[in-house]
There are 2 protein chains.
Amino acid sequence: MTKESIRVLIVEDHHVVRQGLVALLNVVDGLEVVGEAADGAEAITQFRKHLPDITLIDLRLPRMSGVEVIQRIRMETPNARLIVLTTYDGDEDIYRALQAGARAYLLKGMTSDELISTIRAVHAGKSHIPPAIAEKLAERMGTESLTPREFDVLEQIVNGKSNKEIGTELEISEATVKTHINSLLGKLGVTDRTQAATAAIQRGIVPLESLRKTKP
Amino acid sequence: MTKESIRVLIVEDHHVVRQGLVALLNVVDGLEVVGEAADGAEAITQFRKHLPDITLIDLRLPRMSGVEVIQRIRMETPNARLIVLTTYDGDEDIYRALQAGARAYLLKGMTSDELISTIRAVHAGKSHIPPAIAEKLAERMGTESLTPREFDVLEQIVNGKSNKEIGTELEISEATVKTHINSLLGKLGVTDRTQAATAAIQRGIVPLESLRKTKP
DNA sequence: CCTGGGCTCCATCAATGGGTGGAGATGGGC
DNA sequence: GCCCATCTCCACCCATTGATGGAGCCCAGG
């Protein structure tokens with residue numbers, strides 16, 4: 001019985017991790033790694049070229065975020081089956097990736113069994129979200145989301161700016177800054193800017209990587 | 001010419017990454033992976049058992065930190081050759097790992113060439129620290145380090161506590177809390193608690209993982 | 001059209017935070 | 001023994017922050 005292999009594309013910038021995935025998957029019967037990509041642009045090229053059955057995609061990629069890649073792929077191939085890979089279970093990432101159309105979510109700490117069974121499940125058309133993650137997702141669903149402006153302000157807070165500085169930066173008055181802060185504190189369920197900052201980092205609302213960039 | 005292989009132990013909790021490392025190293029002539037460990041305790045057991053020439057060790061491990069493992073191994077085998085692996089170039093981690101006796105430092109985003117040449121270099125007795133990291137290390141060297149108490153206070157700040165709450169928690173007066181904050185702000189080179197919090201996370205002084213734990 | 005959400009601004013007030021300049025107690029290292 | 005770093009506390013002061021309760025503007029969707 002020569003059943004068709006499930007054709008997998010791997011999108012992951014870390015060379016070691018990519019190798020690990022290839023090594024794990026290629027020894028499995030019925031799976032075949034047809035392509036690898038190390039960044040978003042390459043991911044889209046490879047996707048078009050191979051039209052894989054399953055795409056494993058890291059959320060943190062250089063230049064283009066994983067979420068963006070997912071959106072673009074889904075735009076041209078709405079029934080693409082995408083599985084998100086990530087190191088941390090940053091709540092916001094999960095939310096956005098699943099919103100963008102990912103069918104499943106895996107942490108890099110997973111076992112090979114989890115990896116393989118998830119690939120099979122998603123290929124069979126199921127959505128496969130681990131209970132622990134589903135739970136968090138449910139929590140997050142109930143949470144109001146920040147408006148674009150609130151997000152701008154939060155970003156500045158994380159970067160250690162004072163209200164006055166934020167006002168200057170965003171070209172609004174300090175009073176307006178306070179208004180935004182007041183509502184975002186409520187939405188995040190915290191009571192001051194320091195808690196807002198750590199919550200933002202912890203939940204992945206503001207990525208840690210953006211810190212260094214915006215400093216100078 | 002049958003020269004001896006360099007015998008390598010891999011300490012890494014993420015299964016996929018571990019597989020990747022094994023896959024990368026085992027195809028290289030002159031390298032041999034003699035053991036794998038997924039946590040600190042296992043690392044020490046495996047080290048004693050195999051006495052490898054080189055130990056690749058992830059800094060973030062469950063239960064016991066990589067730095068701790070390094071210290072313990074160095075305690076019993078002072079000339080052990082340890083290479084630290086990590087995802088982020090969190091300044092504080094580098095500092096502590098190298099202090100603890102690691103000979104080199106590699107990011108998981110490295111190429112296989114970097115990995116292999118670093119292993120060879122360290123085996124040959126060299127210390128091998130990438131220029132970019134050496135630079136940061138030099139910066140950090142000049143930085144005064146926090147006293148234990150200042151660290152306690154910083155931890156509380158990251159967890160979003162007010163000065164009063166910190167005082168209660170640590171059983172000191174609010175005035176003392178302010179004193180500690182004042183000196184730690186100076187040492188971190190920041191001007192307020194929010195900056196202190198993000199700097200602490202960013203530099204790896206207070207690990208992100210500790211946030212969830214201390215909340216409830 | 002008109003309703004609602006988001007953005008902007010205002011004033012005011014109490015609480016919190018941070019700067020300054022002390023000062024006593026302890027304990028390890030020279 | 002003496003010094004130095006650390007930890008502890010105090011008082012005073014001003015800046016910043018967050019809470020409250022408005023208010024007008026714009027624009028997209030019903």
Side-chain angles (χ1 to χ4, degrees), chain A residues 92 95-96 99 140-203 205-206, chain B residues 92 95-96 99 140-201 203 205-206 215:
Chain A
E92 215 58 28
Y95 179 72
R96 287 201 289 247
Q99 280 293 52
R140 199 128 301 291
M141 283 302 199
T143 309
E144 301 127 298
S145 58
L146 301 186
T147 68
R149 214 47 173 165
E150 284 161 6
F151 179 82
D152 291 341
V153 172
L154 180 55
E155 209 169 21
Q156 299 290 322
I157 289 178
V158 173
N159 278 296
K161 302 280 175 60
S162 72
N163 290 345
K164 196 175 294 183
E165 287 170 329
I166 296 173
T168 309
E169 185 76 25
L170 302 181
E171 293 177 302
I172 55 181
S173 82
E174 196 185 331
T176 308
V177 175
K178 285 187 176 189
T179 307
H180 290 312
I181 290 179
N182 216 279
S183 58
L184 72 83
L185 289 181
K187 288 182 182 178
L188 292 177
V190 299
T191 59
D192 62 51
R193 57 174 50 225
T194 306
Q195 287 178 15
T198 55
I201 294 171
Q202 193 189 2
R203 301 183 193 171
I205 300 172
V206 176
Chain B
E92 215 58 28
Y95 179 72
R96 286 202 290 245
Q99 282 292 53
R140 199 128 302 292
M141 283 302 200
T143 308
E144 301 125 299
S145 57
L146 300 185
T147 68
R149 213 47 172 166
E150 285 161 4
F151 180 83
D152 291 341
V153 173
L154 179 56
E155 210 169 21
Q156 299 289 323
I157 289 177
V158 173
N159 278 296
K161 302 282 174 60
S162 71
N163 290 345
K164 196 176 294 183
E165 287 170 329
I166 296 173
T168 309
E169 184 77 24
L170 302 181
E171 293 178 303
I172 56 182
S173 82
E174 198 185 328
T176 308
V177 175
K178 285 189 176 191
T179 307
H180 290 311
I181 290 179
N182 217 278
S183 57
L184 74 83
L185 287 182
K187 288 183 181 177
L188 292 178
V190 298
T191 59
D192 62 48
R193 59 173 49 224
T194 306
Q195 287 178 13
T198 56
I201 294 171
R203 301 184 194 171
I205 299 172
V206 175
K215 254 186 186 170

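Per chain, numbering begins at 1; letters A, B, ... match sequence-line order.
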Whole angstrom value for the distance that separates [atom2] of [N] from [atom1] of [X]:
X	N	atom1	atom2	value
Asn182(A)	dT8(C)	CG	P	15 Å
Leu185(A)	dA15(C)	CG	P	18 Å
Leu146(A)	dC7(C)	CG	C1'	15 Å
Gln195(B)	dG17(C)	CD	C1'	13 Å
Asp192(A)	dA14(C)	CG	C1'	16 Å
Ile181(A)	dC7(C)	CD1	P	14 Å

Which atom names give the shortest non-hydrogen contact between [X] and [Y], and what distance separates them?
X	Y	value
Val158(A)	Thr198(B)	O-CG2, 3.1 Å
Lys187(B)	Thr147(B)	NZ-CG2, 3.7 Å
Asn163(B)	Ile181(B)	OD1-CD1, 3.0 Å
Glu150(B)	Ser183(B)	OE2-OG, 2.8 Å
Val206(B)	Phe151(B)	CG2-CE1, 4.4 Å
Gly160(B)	Asp192(A)	O-OD2, 3.9 Å

Legend entry - Gln195(B) side-chain N/O to Thr191(B) backbone N/O, donor-acceptor pair under 3.5 Å: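 Judged by distance alone, yes, a pair lies under 3.5 Å.
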Legend entry - Under 4.0 angstrom between Arg149(A) side-chain N/O and dC7(C) OP1 or OP2: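 Result: no.
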Inset, instruction - Would you kindly say whether Thr176(A) and Thr179(A) are connected by a side-chain donor-acceptor distance under 3.5 Å? - result: no
Inset, instruction - May I ask you to say what Asn163(A) touches in the nucleic acid, namely base, sugar-phosphate or nothing, with a heavy-atom cut-off under 4.0 Å? - result: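 Answer is sugar-phosphate: Asn163(A) comes under 4.0 Å of backbone atoms only.
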Inset, instruction - Specify the residues of residues 164-180 of chain A, ordered by number, for which at least one heavy atom lies under 4.0 angstrom from an atom of DNA chain C. - result: Ile172(A), Ser173(A), Ala175(A), Thr176(A), Thr179(A), His180(A)
Inset, instruction - Measure the NE2-CD1 distance between His180(B) and Ile172(B) for me, rounded to the nearest 0.5 Å. - result: 4.5 Å
Legend entry - 5' to 3' contact window, DNA chain D with chain B (heavy-atom distance under 4.0 Å): dT6(D) to dC10(D)
